[in-house]
Amino acid sequence: MNKNRAEDEPAKKPSLNFIEQKIEKELAEGKHQGRVHTRFPPEPNGYLHIGHAKAICISYGIAEKYNGLYNLRFDDTNPVKEDVEYVDSIQEDIKWLGFDWEDRMYYASDYFDQLYEWVLKLIKEGKAYVDDQSAEEISATRGTPTKPGIPSPHRERSVEENLDLFERMKNGEFPDGAKVLRAKIDMASPNMQMRDPVMYRILHATHHRTGDKWCIYPMYDWAHGQSDYIEGITNSLCSLEFEIHRPLYNWYLDQIVEGKYRPEQTEFARLNLTYTVMSKRKLLQLVEEKHVTGWDDPRMPTISGFRRRGYTPESIRNFADKIGVAKRDNVIDVALLEHAVREDLNKKANRVMAVLDPLKVIITNYPEGKIEELEGINNPEDENAGKRSIPFGREIYIECNDFMEDAPSKFFRLAPGREVRLKYAYFIKCEEVVKDEDGNIVELHCTYDPETKSGSGNVTRKVKGTIHWVECTTALQAEIRLYDRLFISETPDVAEEGKTFLDNLNPDSLKTVTAFVEPSVKDAKPMDKVQFERTGYFCVDKDSTAEKIVFNRTVPLRDSWAKQANK
RNA sequence: UGUCCGAUGGUGUAAUUGGCAACACGUCUGAUUUUGGUUCAGAAGAGUCCAGGUUCGAGCCCUGGUCGGACAACCA
């Protein structure tokens, strides 16, 4: 505790990110009557991933910070891509992260009638027209970023004709793609978004909420700002790729806003993570082509995947805090996410001994058949976590790599003639290495020193290493899934020529082993988090049962052994 | 050969709006430790994309470049 320092030096004002600065300025100016109201607007066409988690933490976090409100709004304007399965999972994931939108859950589809009314007004004002051109023609006449577009031959239709045609579009008289409604803005605008953008298209599709009521659906741009306006959103935060849409967002608002209030769009850089694919399309492909077991596969960067993997909501929110908010493109090292997980789990996860790669050790001077109960501390970081009993006996398993036959002097663990401490138990000394006819090590014969019992306090000599172990006859068996990163490339999205991101898949992203675990884990419930001593953080799988205990590896322990070994 | 946006240690984010570039992760060193974990103490590492300008003083302001990103779905 740096109490003294805190008293001597005035606490440094925590720095604000650019969105917070903007909001504080607005607040100071009395904009929006001092209200802050944000929203998170996912399209229900996939599961939420860690990138969405960042966006949620920003939008909702800002509202919380300034005592404002936040909404959840499903941006469901494209029925052919959307599904209720996603609506449900999105709600579950946001709740799990710890955010509560109370009764403010909306759908863009709630506003279809209002949107229709408003667009009629635009048509009457000569600001929108029905275009009969095909999608290809519209695309071809839009021009390029450096060449102006060519006005549609239907651009100057009369208001009456537009009204009639649009009415008939709505009534289902035309097939998909036959006509669209376009805003009449500027076909020569240097901003491609302003070249008479499509406002409505014909889609004879059943919407997951409005059913068959509509066969024309609004485009994102025409729905989004208006939805913000309807909901009283003050700050509409989105990612950078919508920056170029902002003039259009504002143009549409210009047409409908009455009075002083109007929402304002602000953009920030989306999250990129090393070794991680963040595109919904690609994640969907991983699921559909069965490269993973589902959206909640522990290797997926989805919120549900991380949850199943054993990540905690706190760690994800802390992570979002650490990475900050800015407008420049970024690639965050996954190590930072993993650090946030370890930081949280270190405080919360109870310690347990488990041997993943067993080597049998027989303690030759320990009485046969005797089982002794030793005391273990559940969590040295948390006094309230209590203690547990661990059986010890003549035959135990230790980790294979905790023994080395020809050990260098820097190797602190077991080797012929060397002595180590068994965690919570005794010193043991390796007396004999037993091998089979092929020369493989079968088991170790060791002796223990009864004087060195843990906690006895009468130990005069020191050992350099403490290793974990599990007693053979009382050990439980568990299936351990050692999940590793799904991709071997730091930037799997950037595939070499002739390759796709799938070529960057890690063939070793899942290894399953059967391990021996101390008997106390029989009480573990699905989703419980534990730390296997000296190994890593693990989470009891959601489908784990008493008959078949399954652990997913959340994240390995920070491991400086490897570095030592490389010296 | 357009418009918009961006550029600060390896990574990410700051810099009280013009005042000797800070914090976190990572790296390294040391101490404590019945986890080579945790914790603690310390160190190295950028002179802010480049070139000019304004100023007593520029990462912040101005001018001109360079590099990177976004935009030409009836996706969001």
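Each chain gets a letter, A, B and so on, in the order the sequences are listed, and its residues count up from 1.
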Base, sugar-phosphate or nothing for [X]? Non-hydrogen atoms, less than 4.0 Å.
| X | answer |
| --- | --- |
| A:Tyr217 | nothing |
| A:Arg351 | base |
| A:Val463 | nothing |
| A:Gln193 | sugar-phosphate |
| A:Phe74 | nothing |
| A:Val80 | nothing |
| A:Glu267 | nothing |

On a whole-Å scale, what distance lies between the [atom1] atoms belonging to [N] and [M]?
| N | M | atom1 | value |
| --- | --- | --- | --- |
| B:rA22 | B:rG47 | P | 14 Å |
| B:rU11 | B:rC49 | P | 13 Å |
| B:rC75 | B:rA7 | C1' | 30 Å |
| B:rC71 | B:rU54 | P | 41 Å |
| B:rA46 | B:rG53 | C1' | 25 Å |
| B:rC28 | B:rA21 | P | 27 Å |
| B:rC4 | B:rA44 | C1' | 40 Å |
| B:rG45 | B:rU8 | C1' | 14 Å |

*Does A:Phe427 have A:Arg421 sitting over its ring (NZ/CZ under 6.0 Å from centre, angle to axis within 45°)?*
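No, A:Arg421 and A:Phe427 do not form such a contact.
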*Is the Lys NZ or Arg CZ of A:Lys170 less than 6.0 Å from the centre of A:Tyr116's six-membered ring, within 45° of the axis?*
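Cation-pi check for A:Lys170 and A:Tyr116: passes.
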N/O contacts under 3.5 Å, protein versus nucleotides 73-75 of chain B?
{"residue": "B:rA73", "atom": "OP2", "partner": "A:Ser139", "partner atom": "OG", "Å": "3.1"}
{"residue": "B:rC74", "atom": "OP2", "partner": "A:Arg142", "partner atom": "NH2", "Å": "2.9"}
{"residue": "B:rC74", "atom": "N4", "partner": "A:Gln133", "partner atom": "O", "Å": "3.0"}
{"residue": "B:rC74", "atom": "N4", "partner": "A:Ala135", "partner atom": "N", "Å": "3.1"}
{"residue": "B:rC74", "atom": "N4", "partner": "A:Gly177", "partner atom": "O", "Å": "3.0"}
{"residue": "B:rC75", "atom": "OP2", "partner": "A:Arg201", "partner atom": "NE", "Å": "3.0"}
{"residue": "B:rC75", "atom": "OP2", "partner": "A:Arg201", "partner atom": "NH2", "Å": "2.8"}
{"residue": "B:rC75", "atom": "O3'", "partner": "A:Arg201", "partner atom": "NH2", "Å": "3.2"}
{"residue": "B:rC75", "atom": "O2'", "partner": "A:Asn78", "partner atom": "ND2", "Å": "3.1"}

Tell me whether the side-chain N or O atoms of [X] pair up with the base of [N] as donor and acceptor below 3.5 Å, since no angle test is needed here.
| X | N | result |
| --- | --- | --- |
| A:His245 | B:rA76 | yes |
| A:Glu381 | B:rU39 | no |
| A:Arg328 | B:rU8 | yes |
| A:Arg342 | B:rU38 | no |
| A:Arg534 | B:rU35 | no |

_A:Ile244 side chain, from C-beta outward: closest of B:rU13, B:rU3, B:rG26_ =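 Closest nucleotide among those given: B:rU3.
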*Output the single nucleotide from B:rA72, B:rA14, B:rG37 whose closest atom is nearest the side chain of A:Ser560.*
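Of the candidates, B:rG37 comes closest.
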When the distance from [atom1] of [X] to [atom2] of [N] is rounded to whole Å, what number comes out?
| X | N | atom1 | atom2 | answer |
| --- | --- | --- | --- | --- |
| A:Asn379 | B:rG37 | CG | C1' | 12 Å |
| A:Asn191 | B:rC5 | CG | P | 11 Å |
| A:Gln21 | B:rU13 | CD | C1' | 12 Å |
| A:Lys464 | B:rU35 | NZ | P | 15 Å |
| A:Asn272 | B:rU11 | CG | C1' | 13 Å |
| A:Arg270 | B:rG12 | CZ | C1' | 18 Å |
| A:Ile323 | B:rA14 | CD1 | C1' | 15 Å |
| A:Lys22 | B:rU17 | NZ | C1' | 17 Å |

Syn or anti for [N], with syn set at within 90° of 0?
| N | result |
| --- | --- |
| B:rU17 | syn |
| B:rG47 | syn |
| B:rA24 | anti |

Answer with yes or no after comparing the ring centroid distance for [X] and [Y] against a 6.0 Å cut-off, counting only values under it.
| X | Y | value |
| --- | --- | --- |
| A:Tyr426 | A:Phe392 | yes |
| A:Tyr107 | A:Phe74 | yes |
| A:Tyr252 | A:Trp222 | yes |

*For residues A:Glu173 and A:Asn171, is any side-chain donor paired with an opposing acceptor at under 3.5 Å?*
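No donor-acceptor contact under 3.5 Å links the two side chains.
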Quick one: sort the [X] and [Y] rings into parallel, tilted or perpendicular, breaks at 30° and 60°.
| X | Y | answer |
| --- | --- | --- |
| A:Tyr220 | A:His245 | perpendicular |
| A:Trp295 | A:Tyr86 | perpendicular |
| A:Tyr111 | A:Tyr106 | tilted |

*Should A:Ile58 and A:Ile19 be marked as a side chain to side chain contact (heavy atoms under 4.5 Å, CB included) after you check the CA-CA gap, both sets of side-chain angles, and the distance that decides it?*
CA-CA 9 Å; A:Ile58 290 171; A:Ile19 299 176; 4.1 Å; yes
*Please name the residue in the list A:Phe166, A:Phe112, A:Phe174, A:Tyr129 that meets the ring pair (Phe, Tyr, Trp, His ring centres under 6.0 Å) test with A:Tyr200.*
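Answer to the ring pair (Phe, Tyr, Trp, His ring centres under 6.0 Å) test with A:Tyr200 among A:Phe166, A:Phe112, A:Phe174, A:Tyr129: A:Phe166.
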*Give me the residues of residues 145-153 of chain A where at least one heavy atom lies under 4.0 Å from an atom of RNA chain B, by number, or none.*
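Within this stretch, A:Pro145, A:Thr146 sit under 4.0 Å of the strand.
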_Pick the closest RNA chain B nucleotide for A:Ser454 and for A:Asp329 by heavy atoms, then say which residue is nearer the 5' end._
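The residue mapped nearer the 5' terminus is A:Ser454.
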*On RNA chain B, check which nucleotide each of A:Gly324 and A:Glu243 is closest to and give me the residue with the more 5' one.*
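The residue whose closest nucleotide sits nearer the 5' end is A:Glu243.
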_Minimum heavy-atom separation for A:Ala515 and A:Leu356, please, with both atom names._
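Looking at all heavy atoms of both residues, the shortest contact is CB-CA, 3.8 Å.
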